[in-house]
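To start, the structure itself, in C-alpha cells.
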Amino acid sequence: MELQQDDKVHLFFGKYRIIKRIGCGSFGNVYKGVNIIDQKNVAIKVEKKDDGYNLLQKESYYLYNLRGIGVPELISYGYSGKYNVLVQTLLGESLGKIFFKNNNHFHLKDICMFTIQILHRIEFVHSKYLIHRDIKPENFLIGSPDEYLIYIIDFGLSKKYKSSRTNKHIQFQLTKKFTGTARYASINAVRGAEQSRRDDLEAIGYVLLYFLLGRLPWQGMLNKNKDERYMKIMEVKRDTDFHLLCKGFPPEFEKYITYTRSLVYEQDPDYN
C-alpha cells in the first residue's frame with residue numbers, strides 16, 4: 001500500500017510530516033517522518049483502513065504494554081483520513097540490511113553479541129505473555145544514535161500465548177493458518193501448529209545460522225504454489241543434519257538448535 005500523491009504532503013495528526021519511505025511490514029509501509037513542532041525525526045507506519053487487517057491497532061496496544069529497553073516507543077496512534085497511523089521511535093538499519101551490505105558476512109564475535117541481546121529482547125516480550133511470531137533479521141534494528149543497542153520491532157503478527165488474568169496458556173492446535181516468515185519459522189509453525197514461546201526461540205536459531213553461513217539450505221525454493229513451497233521448506237528443515245551444518249563453528253550453536261527444537265508446547269524455556 002503506497003500513499004497517494006495528494007497524501008504525501010498531508011500532516012498526520014496535524015504535526016507528523018512524511019519525508020520518505022524506508023520499509024514495509026505485514027500491514028503496509030513505514031516512512032521516515034518529522035514532528036514539525038519540535039523537529040524530531042520519527043517512524044510513521046501507515047495502513048489503509050479498508051484493507052481489513054487493522055494490524056496497527058493491535059501493534060499499538062502491544063507496544064504500549066511492552067515499554068522497556070530495546071522496544072520502540074509508541075509515540076502516537078490513531079486514524080487520519082483513510083489511514084490507520086502509528087508513530088514510533090525512528091531507529092537505525094536492520095541486522096538483515098547490514099548483513100546484506102556486508103556481503104552476507106558477520107564476524108563470530110558480532111553474532112554472539114547480537115544473540116545475547118536478541119535473547120534478552122525475546123525473553124522480555126515473553127514475560128509480557130506475548131509471542132512475536134515473525135522473527136527475522138529485518139525485525140531486529142540497531143538503535144539511533146546508540147548503535148550498540150538492538151531493538152525488536154514489528155508486533156503486527158504477535159499474539160498473547162497466555163492470559164495475564166487467569167495465567168492459562170492457549171490450547172495447542174494443528175489446524176492454524178501459517179503466520180510468519182517461512183525461511184526462519186519453526187518447523188511446527190510451518191506445518192500449521194499453534195505457536196508458543198518455543199517457536200520464537202527456534203526461529204532465532206535459524207536467524208543465527210543465516211548469519212553464520214550466509215545462506216540457509218532451504219532458501220530459494222521455487223515451487224509456484226505457496227503452500228507447496230512452505231511444505232518443502234519444512235521438509236528440508238526437518239531433514240537437515242544440523243551437526244554437519246554447524247561443523248567448524250562453536251558447539252553452542254548446534255546445542256541451541258537442538259534445545260529449542262526439543263521444547264514442548266507450554267514449556268518455560270531456560271533463556272539463561
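Quick caveat: nothing in here was measured; it's all calculated off a predicted structure.
At a threshold of 4.5 Å between non-hydrogen side-chain atoms, the residues Leu245 and Lys247 do not count as touching. Counting heavy atoms from C-beta on, the side chains of Phe211 and Pro137 come closer than 4.5 Å. Phe140 has its side chain within reach of Ile152: a pair of non-hydrogen atoms, C-beta onward, lies under 4.5 Å apart. Looking at heavy atoms from C-beta onward, Lys162 lies out of side-chain contact with Ile170 at the 4.5 angstrom threshold. The shortest distance between side-chain heavy atoms of Tyr148 and Ile142 does not fall below 4.5 Å. Between Phe155 and Asp134 there is no side-chain heavy-atom pair separated by less than 4.5 Å. Side-chain contact between His107 and Met113 is absent, with no heavy atoms from C-beta onward closer than 4.5 Å. Under the 4.5 Å side-chain criterion, counting only non-hydrogen atoms from C-beta, Phe12 is not in contact with Arg17.
Linking ILVMFWY residues whenever their side-chain heavy atoms come closer than 4.5 Å, directly or via other members, places Val207 and Leu213 in the same cluster. Side-chain heavy atoms closer than 4.5 Å link hydrophobic residues (I, L, V, M, F, W, Y) into clusters, and following such links, even through other members, never connects Leu208 to Ile116. Hydrophobic clustering of Ile, Leu, Val, Met, Phe, Trp and Tyr side chains at less than 4.5 Å, counting indirect connections, unites Val236 with Leu212.
Side-chain N or O atoms of Glu93 include none that pairs as donor or acceptor with a backbone N or O of Ile98 at under 3.5 Å. The main-chain N or O of Asn29 is never found under 3.5 Å from a side-chain atom of Arg21 such that the two would form a donor-acceptor pair. A donor-acceptor pair under 3.5 Å links the side-chain atoms of Trp218 to the main chain of Arg183, judged by distance alone. Using a distance-only test at 3.5 Å, with no hydrogens or angles considered, no donor-acceptor pair links the side chain of Ser94 to the main chain of Asn139. Of the possible polar contacts, none joining the Asp146 side chain to the Gly143 backbone as a donor-acceptor pair under 3.5 Å is found. Side-chain N or O atoms of Glu59 include none that pairs as donor or acceptor with a backbone N or O of Leu157 at under 3.5 Å.
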(request) Determine, stepwise, if the pair Glu194 / Lys159 fulfils salt bridge (charged side-chain N to carboxylate O under 4.0 Å, His left out). (result) CA-CA 11 Å; Glu194 182 75 78; Lys159 181 177 181 176; 3.0 Å; yes
(request) Start with the C-alpha distance between Tyr184 and Tyr206, add both sets of side-chain angles, then the distance that settles ring pair (Phe, Tyr, Trp, His ring centres under 6.0 Å), and finish with yes or no. (result) CA-CA 5 Å; Tyr184 306 103; Tyr206 300 137; 8.2 Å; no
(request) For the pair Lys49 and Tyr79, evaluate side-chain contact (heavy atoms from CB on, under 4.5 Å) and give the outcome as yes or no after the intermediate values. (result) CA-CA 8 Å; Lys49 277 186 186 179; Tyr79 312 105; 3.6 Å; yes
(request) Show the numbers, then the answer: is there a side-chain contact (heavy atoms from CB on, under 4.5 Å) between Leu86 and Glu47? (result) CA-CA 9 Å; Leu86 186 154; Glu47 169 189 67; over 6 Å; no
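In the hydrophobic clustering, Leu91 connects to Ile69, Leu141, Leu149, Tyr151, Ile153, either directly or through intervening members, whenever side-chain heavy atoms lie under 4.5 Å apart.
For the residue pair His120 / Tyr271, no side-chain donor-acceptor distance below 3.5 Å is found, with atom types taken as modelled. Asn54 and Asn84 form a side-chain donor-acceptor contact under 3.5 Å, judged by distance and modelled atom types alone.
A ring-centre distance under 6.0 Å is found for Phe99 and Tyr210. Not less than 6.0 angstrom separates the ring centroid of Tyr64 from the ring centroid of Tyr77.
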Using atom types as modelled, flag every donor-acceptor pair under 3.5 Å from a side chain in residues 254-261 to any protein atom, sequence neighbours excluded.
{"unit_1": "Glu254", "atom_1": "OE1", "unit_2": "His243", "atom_2": "ND1", "d": "3.1"}
{"unit_1": "Glu254", "atom_1": "OE2", "unit_2": "His243", "atom_2": "ND1", "d": "3.4"}
{"unit_1": "Tyr256", "atom_1": "OH", "unit_2": "Leu201", "atom_2": "O", "d": "2.7"}
{"unit_1": "Thr258", "atom_1": "OG1", "unit_2": "Glu254", "atom_2": "O", "d": "2.9"}
{"unit_1": "Tyr259", "atom_1": "OH", "unit_2": "Asp270", "atom_2": "N", "d": "2.9"}
{"unit_1": "Thr260", "atom_1": "OG1", "unit_2": "Tyr256", "atom_2": "O", "d": "3.1"}
{"unit_1": "Thr260", "atom_1": "OG1", "unit_2": "Ile257", "atom_2": "O", "d": "3.1"}

Cut-off 3.5 Å, no hydrogens considered: what does the side-chain donor-acceptor table look like for residues 33-44, sequence neighbours left out?
{"unit_1": "Asn35", "atom_1": "OD1", "unit_2": "Ile37", "atom_2": "N", "d": "2.8"}
{"unit_1": "Asp38", "atom_1": "OD1", "unit_2": "Lys40", "atom_2": "N", "d": "2.9"}
{"unit_1": "Gln39", "atom_1": "NE2", "unit_2": "Ile36", "atom_2": "O", "d": "2.9"}

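The two residues Leu55 and Gly156 make their nearest non-hydrogen contact at CD2-O, 3.3 Å. Annotation for Phe13 and Gly78: closest pair CZ-N, 3.5 Å, computed over non-hydrogen atoms.
Between Ile135 and the choices Ile204, Asp154, Ile118, the side-chain contact (heavy atoms from CB on, under 4.5 Å) rule is met once, by Ile204.
Ring geometry for Tyr230 against Phe178 counts as perpendicular: the plane angle is over 60°, on a 0 to 90° scale with 30° as the lower cut.
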